[in-house]
Asker: 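Please see the structure below; I have some questions.
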Amino acid sequence: MTACEVIMKKRNGLPLTRDEIRFIVRGFVEGGIPDYQMAAFLMAVYFRGMTPVETAELTTAMAESGDLVDLSSIPGPKVDKHSTGGVGDKTSLVLGPMVASAGVVVPKMSGRGLGHTGGTLDKLESIPGLRVSLSLEEFLSNVRRIGIAIVGQTARLVPADGKMYALRDVTATVDSIPLIASSIMSKKIAGGADGIVLDVKFGSGAFMKTFESALELARSMVDIGASVGRRTVAVISCMEQPLGRAVGNALEVREALETLKGRGPDDLRELCLEIGSRMLWLAGKADDAESGRRLLEERLRSGQCLDKFREMVEAQGGDASVVDDYSILPKAAVVRPVTAASTGYVRSVDALTIGRAAMGLGAGREVKGAAIDHSVGIVLEKKVGDRVRAGDVLAWCHARDDSSAESGIDAVRSAYAIAPEIRAGYRLIHAVVSAHGVEAYGTGG
Ligand code: URA
């Protein structure tokens, strides 16, 4: 077998065998297959697609290119969660402690933010002292002791993905469903959890721009989970406007804490309860999503979710007094209002524009490895459906200086569309996909 033969077969639209897929992935990771051949292979996959069987084989080959985390020594069900990324998406900070407080082990390895979407690790690092680079031993020890750890993935977890993604990024082959699905699922499978709940977003601020493409991705990932024996559920939600009100690292930690205290924004709470209840169901801690939700609501009321957050921060070396004292979080030097130019109802708050505005303020990074400012960001006062009068505050810009605040204000104002009539039918959660099929979902924030 040669790489050229495998590329030609895919180019001609024929399905590849397990051996052919493994040959390409292994050869690329070990260095025998050069970038130009892998780039040609990726482009062939981009145009010809992959069958569900091929996609599952690609995922397994990628997962097995590095370490496979073994969680078998940790008692109890282990469930992981992954979001395809969005603006203001701090669900992991709320969900992890929430679900762990209900007795489900949450071993979470996350990535850093890139572009207009923030990363969980960057948000967590706003907490003084908190470490996200734990050794595998420390990670396992925390998970065993307190039921949760949220850390950065090690370099030895799915090296095939890092190498392939770097090439996809510069060869216009990122937006291919089999390549995205295998990239995400290989990391979740290598992470070792028994169950996986995926938060698949669509809309201007998300990776997938339409509901249909998000549904296709969700189905593909649920199929992969089924073929490798990991129970997988995907919740499809709208990312047309940011999730919650805060966008920016320390601001999002604060909002996550408010949500754990029962005072957070409705849409964030709703999404966390929906995803969390599915995590409990997958773990066998609830008979259905409804009873899972009731259990989580009870844990939120009793303060156990907040206690779990505190334990997690302490276990990762962070200052847990942050739970009661937000003043220890980094604070922006300048906080300025963004006011409405007209009267009416908020029709849209474009998530991509807000994400880019936050990045412009310094909250995100344009290139891998760049430094970020944990203190800056945006807090939305008005969201879709809200009534506004000219001059009302639409949002607050938290900036490092006046000139950066000025640019942020203009950008945030341009994200808002205000119309004379209220917009009907805006929904947060649109569907839930599992091995049983697609469940349409009719409510949301
Ligand atoms: N996120 C991933 O982890 N991989 C992709 O290919 C796209 C989004």
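All figures in this text were calculated on a predicted structure; none of them were measured in a lab. Indexing begins at 1, ligand by ligand and atom by atom, following the structure's order.
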Asker: Think Arg231 forms a cation-pi with Trp281, using NZ or CZ under 6.0 Å from the six-ring centre and within 45 degrees of its axis?
Answerer: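 Because its charged atom sits under 6.0 Å from the ring centre and within 45° of the axis, Arg231 does stack over Trp281.
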Asker: What residue and heavy atom of the protein are closest to atom 1 (N) of ligand 1, and at what distance?
Answerer: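 That would be Ile184 CG1, 3.9 Å.
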Asker: First locate atom CD of Glu216, then atom OG1 of Thr210, and finally report the distance between them rounded to the nearest 0.5 Å.
Answerer: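 One gets 8.5 Å once the value is rounded to the nearest 0.5 Å.
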Asker: Judging by distance only, is a nitrogen or oxygen of Tyr165 under 3.5 angstrom from one on ligand 1?
Answerer: no
Asker: Backbone or side chain, does any N or O of Lys187 fall under 3.5 Å from an N or O of ligand 1?
Answerer: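 In this structure, Lys187 places an N or O atom under 3.5 Å from an N or O of ligand 1.
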Asker: Pairs under 3.5 angstrom only: tabulate donor-acceptor contacts from the side chains of residues 24-49 to other protein residues two or more places apart or in another chain.
Answerer:
residue: Arg48; atom: NE; partner: Arg11; partner atom: O; Å: 2.9
residue: Arg48; atom: NH2; partner: Arg11; partner atom: O; Å: 3.4

Asker: Among all residues two or more places apart in sequence or in another chain, which pass the side-chain hydrogen bond (donor to acceptor under 3.5 Å, both in side chains) test with Asp89?
Answerer: Ser83, Thr91
Asker: Check the orientation of His430 and Phe211. Use parallel for under 30°, tilted for 30 to 60°, and perpendicular for over 60°.
Answerer: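 Geometry flag for Phe211 against His430: tilted rings.
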Asker: So which heavy atom in the protein is nearest atom 8 (C) of ligand 1, and how far is it from that ligand atom?
Answerer: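 Minimum-distance protein heavy atom for atom 8 (C) of ligand 1 reads Phe207 CZ, 4.0 Å.
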Asker: Pick, from Ser183, Gly85, Ser186, Ser176, the option with the minimum heavy-atom distance to atom 2 (C) of ligand 1.
Answerer: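 Of the listed residues, Ser183 has the closest heavy atom.
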